[in-house]
Structure formats: structure tokens, C-alpha cells
Novice: 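First the structure, which I've put down as C-alpha cells, then a few questions once you've had a look.
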Protein chains: 2
Amino acid sequence: MEQAVRNQIREFLASKGLRKTTQRDAIIEAAFSTDRHYTADELLDMSHRIEPTVSRATVYRTLPILVDSGLLRELDLGQGRKVYDPNFVDHPHHNHLICLDCKTILEFEDLNMELLENCMARRMGFTPANKQVRIEARCDELRLNGVCRKGGREVTAAA
Amino acid sequence: MEQAVRNQIREFLASKGLRKTTQRDAIIEAAFSTDRHYTADELLDMSHRIEPTVSRATVYRTLPILVDSGLLRELDLGQGRKVYDPNFVDHPHHNHLICLDCKTILEFEDLNMELLENCMARRMGFTPANKQVRIEARCDELRLNGVCRKGGREVTAAA
DNA sequence: ATTTCTGCAAACGATTTGCACAGGG
DNA sequence: CCCTGTGCAAATCGTTTGCAGAAAT
């Protein structure tokens with residue numbers, strides 16, 4: 001976890017009058033010690049390894065705070081699957097492609113898409129707050145070769 | 001409900017070897033008698049008005065069939081809110097803008113966005129199956145005038 | 001001392017499922 | 001008749017919440 005992130009969170013908590021606790025520290029440490037997506041339950045596991053006293057309730061109570069801070073993003077993958085993404089620190093505008101075959105989530109950024117979204121929203125008389133593009137797709141490699149080597153690899157394509 | 005839709009559904013059920021029942025008929029009738037979005041529970045209400053014997057379980061068992069038929073679209077609005085959209089018959093590629101102020105859902109289509117999405121997916125080695133753009137936004141009118149007259153009105157903008 | 005945090009376990013709410021019966025082919 | 005479809009009620013599953021005690025300021 002980068003020191004910059006740690007400081008930003010620390011400041012955020014202070015500005016909200018929220019206290020620094022052993023459990024929250026562990027959860028924060030866990031939340032930003034990976035660049036993978038994780039579920040609330042997976043975050044509980046990770047936090048638990050750092051500080052065994054962390055309970056599920058506290059994880060659920062801390063997650064909205066982190067999301068609020070702007071450093072963690074909540075992704076609704078549909079079908080009730082909810083995932084958290086710590087990569088928005090580095091890539092604030094990325095979107096997601098979800099492979100229906102291997103369930104892999106790929107991240108990608110595209111400036112044109114970004115512009116287009118803003119344009120559409122303004123044309124309708126709105127100021128965009130939160131944009132999310134979700135593409136569900138099938139793996140070409142799997143279809144052609146019967147194997148998919150992508151499993152979990154992140155691909156960032158800039159246009 | 002248009003006769004064309006009725007026929008398509010009828011054919012679809014037949015092709016899958018699914019039976020025609022009083023309850024299913026009522027649910028189908030209800031599902032396509034509006035152009036608004038609705039939840040599973042709201043569909044139960046609507047079906048119930050047509051045929052009181054329709055139960056919640058049957059609605060939940062019928063919805064996936066309708067989605068499968070391609071005539072009804074399932075929209076995951078996030079936060080566990082799931083909504084069904086019968087408008088894909090007329091506008092197969094529309095996206096959604098969700099107003100954070102009045103919760104209104106606006107539909108819009110944009111060919112460029114459509115193309116861009118396909119392009120991104122292919123570049124990453126995938127064949128897109130299901131694309132969804134969700135823009136959460138704030139109403140300019142409300143911000144400037146303190147009132148929002150849009151409430152529930154559908155806006156279809158073609159680019 | 002005061003207030004926020006915490007773990008626990010119970011509550012929740014939308015959706016799913018097992019069952020025995022009803023009804024379509 | 002056979003097998004699918006149905007209602008009911010119980011089960012699920014991720015998430016939220018009330019409470020009393022623990023810890024931070």
C-alpha cells in the first residue's frame with residue numbers, strides 16, 4: 001500500500017471526525033494492498049489475516065466509508081455480485097469487460113467513450129456524476145482454441 | 001400489447017416446449033402492456049390485476065423465460081435494484097441515465113457509443129454479448145431552478 | 001467522561017427452492 | 001396418463017441493524 005493512499009485516507013477520516021481504530025486500520029491496509037477486485041467477504045478474509053479481531057460487520061460498516069473517500073470504487077457486476085476496486089486511484093475512469101466464460105474482469109480506459117458519455121448526459125440536461133460501462137462478452141481465444149489463458153490478467157487499453 | 005410481441009412470445013414458448021398456462025399468459029400480458037420499467041414485485045401486482053391466481057414464485061420463474069426470449073431486458077441498476085424493461089423490442093440498443101435527484105431513468109441510444117463498445121471489446125479479444133452503459137447524473141434544471149419537471153419522462157436521443 | 005466503534009447474533013429483503021397437488025399435452 | 005407448471009412456505013445469501021460492552025478522544 002502506497003504511503004500517499006494511507007495519508008489520504010487518514011486525512012479523510014479526520015475530516016469526517018471518524019476515529020482511528022485497530023480494525024479500521026487493518027481493513028484499510030488490506031483494501032489497498034492489492035490491485036485486484038474483491039468482494040466484501042474476501043476483504044474480510046484479507047483483513048482477518050492482518051488483524052484477527054476484525055468482524056464481518058465492521059468490514060461492511062467500513063466499506064461505505066472507503067467508497068465515500070473516493071479511493072475505493074464499488075462495482076455492481078449485476079446478479080447481486082458486488083465487487084470493490086482499489087485501482088481507481090491510478091485509473092479514475094476505467095470501465096469493465098466481464099468475460100461470461102471465465103468470469104474474468106478486465107479493466108480498460110477509453111477517452112472517446114468518456115467524452116461521449118459526458119456529451120450524452122449534457123445533451124439530456126444532466127451533469128454526469130458516475131459513469132459505468134459494463135460489457136459482458138465471450139472470449140475469442142476460448143472459442144477458437146478451446147483454451148483461455150487470460151484468466152485474471154488485467155488489460156489496460158488506451159485509445 | 002402488440003400482436004407481434006404476443007406472437008413472438010408464443011413461438012418462443014413453443015420452440016422451447018414450454019406450456020401455455022393461465023398464469024404465464026397473464027404475466028406476459030402485464031409485462032408488455034406498459035413501456036415503463038418495473039420490478040419483479042411490480043410485475044406481480046400488474047399480473048395479479050389480470051389474473052389473481054398468479055403467485056410471486058411464478059413471476060420469478062417466468063421472468064428469466066421472457067428475458068431469454070429477447071423481448072424483455074433485465075437491468076441491474078445497482079444496489080440490488082433490478083428492473084425489467086420491455087422497450088428493447090423497439091430500441092434494442094438503448095442505454096440508461098439514472099437521475100440521482102429524482103430517481104428517474106431516462107433511456108437513450110447512441111450509435112457511436114455502440115460502435116466504440118464493440119471496438120473496445122474486439123481489441124481485447126472478445127465478442128461482446130451484452131453491453132450496458134449506466135450514467136448516474138444530477139439534474140441541471142433542478143440545480144438551476146430548484147424544480148425538476150422531467151419526472152419519469154422518457155427521452156430518446158439519437159445521435 | 002463522553003462518544004464512537006465493535007462483535008455478536010438476530011433481522012432483513014429480494015430471490016430461489018422442495019414439495020405435493022393442479023392442470024396442460 | 002404423463003410430465004410440466006403451480007402455490008405455498010421454508011430456505012438462501014449477502015447485507016444491515018440493535019444492543020451492550022470496549023475503546024478512542
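Throughout, a chain's letter reflects where its sequence line sits, starting with A, and its residues are numbered from 1. Quick caveat, the model's predicted, so the values are computed rather than measured.
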Novice: In terms of side-chain heavy atoms of B:A57, which of D:dA9, C:dT6, D:dT15 is nearest?
Specialist: D:dA9
Novice: Reading DNA chain D from 5' onward, which residue's closest nucleotide shows up sooner: A:R56 or A:R61?
Specialist: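 By nearest-heavy-atom nucleotide position, the 5'-most residue is A:R56.
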Novice: Would you kindly give the CZ-to-P distance between A:R10 and D:dT25, to the nearest whole Å?
Specialist: 11 Å
Novice: I'd like to know if the side chain of A:H37 pairs up with that of A:N87 as donor and acceptor (distance under 3.5 Å, no hydrogens or angles considered).
Specialist: no
Novice: Counting only side-chain nitrogens and oxygens, does A:T21 get under 4.0 Å of the OP1 or OP2 atom of C:dT6?
Specialist: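 So the side-chain polar atoms of A:T21 do come within 4.0 Å of the phosphate oxygens OP1 or OP2 of C:dT6, strictly under.
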Novice: Rounded to the nearest Å, what distance is computed from the CG atom of residue A:L18 to the C1' atom of nucleotide C:dT4?
Specialist: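 To the nearest whole Å, that distance equals 9 Å.
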Novice: Go through D:dA24, C:dT15, D:dT15 for me and flag the one nearest to the B:Y60 side chain.
Specialist: C:dT15
Novice: In whole angstrom, give the distance that lies between atom CG of B:L63 and atom P of C:dA14.
Specialist: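 Spelled out: CG on B:L63 to P on C:dA14 is 14 Å.
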Novice: Specify the separation, in whole Å, of atom CG of B:L43 and atom P of C:dA14.
Specialist: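 Roughly 15 Å, once rounded to whole Å.
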Novice: Atom CG of B:D25 to atom P of C:dG23: distance rounded to whole Å?
Specialist: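 The answer, rounded to whole Å, is 15 Å.
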Novice: Would you say the side chains of A:N95 and A:K131 form a donor-acceptor pair under 3.5 Å?
Specialist: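 No donor-acceptor contact under 3.5 Å links the two side chains.
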Novice: Are B:T127 and A:R143 linked by a side-chain donor-acceptor pair shorter than 3.5 Å?
Specialist: yes
Novice: Figure out the CG/P separation between B:D41 and C:dT16, and round it to whole Å.
Specialist: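 My rounded result for the distance is 13 Å.
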Novice: What I want to find out is whether A:R36 reaches A:D85 closely enough, with some N-O distance under 4.0 Å, to be called a salt bridge.
Specialist: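 No, no charged N to carboxylate O under 4.0 Å.
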Novice: May I ask you to verify whether the side chain of B:R19 and the base of D:dC3 hold a donor-acceptor pair under 3.5 Å?
Specialist: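 By the distance-only test, yes, there is a pair.
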Novice: Closest approach to the side chain of A:S55, judged atom by atom: which nucleotide of D:dA9, C:dC8, C:dG25 is it?
Specialist: C:dC8
Novice: Taking NZ from B:K16 and C1' from D:dT4, how many angstroms apart are they, rounded to a whole number?
Specialist: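 Result: 16 Å.
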Novice: Within this structure, what is the CG-to-P distance between A:L44 and D:dT15, rounded to whole angstrom?
Specialist: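 The answer, rounded to whole Å, is 11 Å.
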Novice: Got a donor-acceptor contact below 3.5 angstrom from the B:R24 side chain to the B:R19 backbone?
Specialist: yes
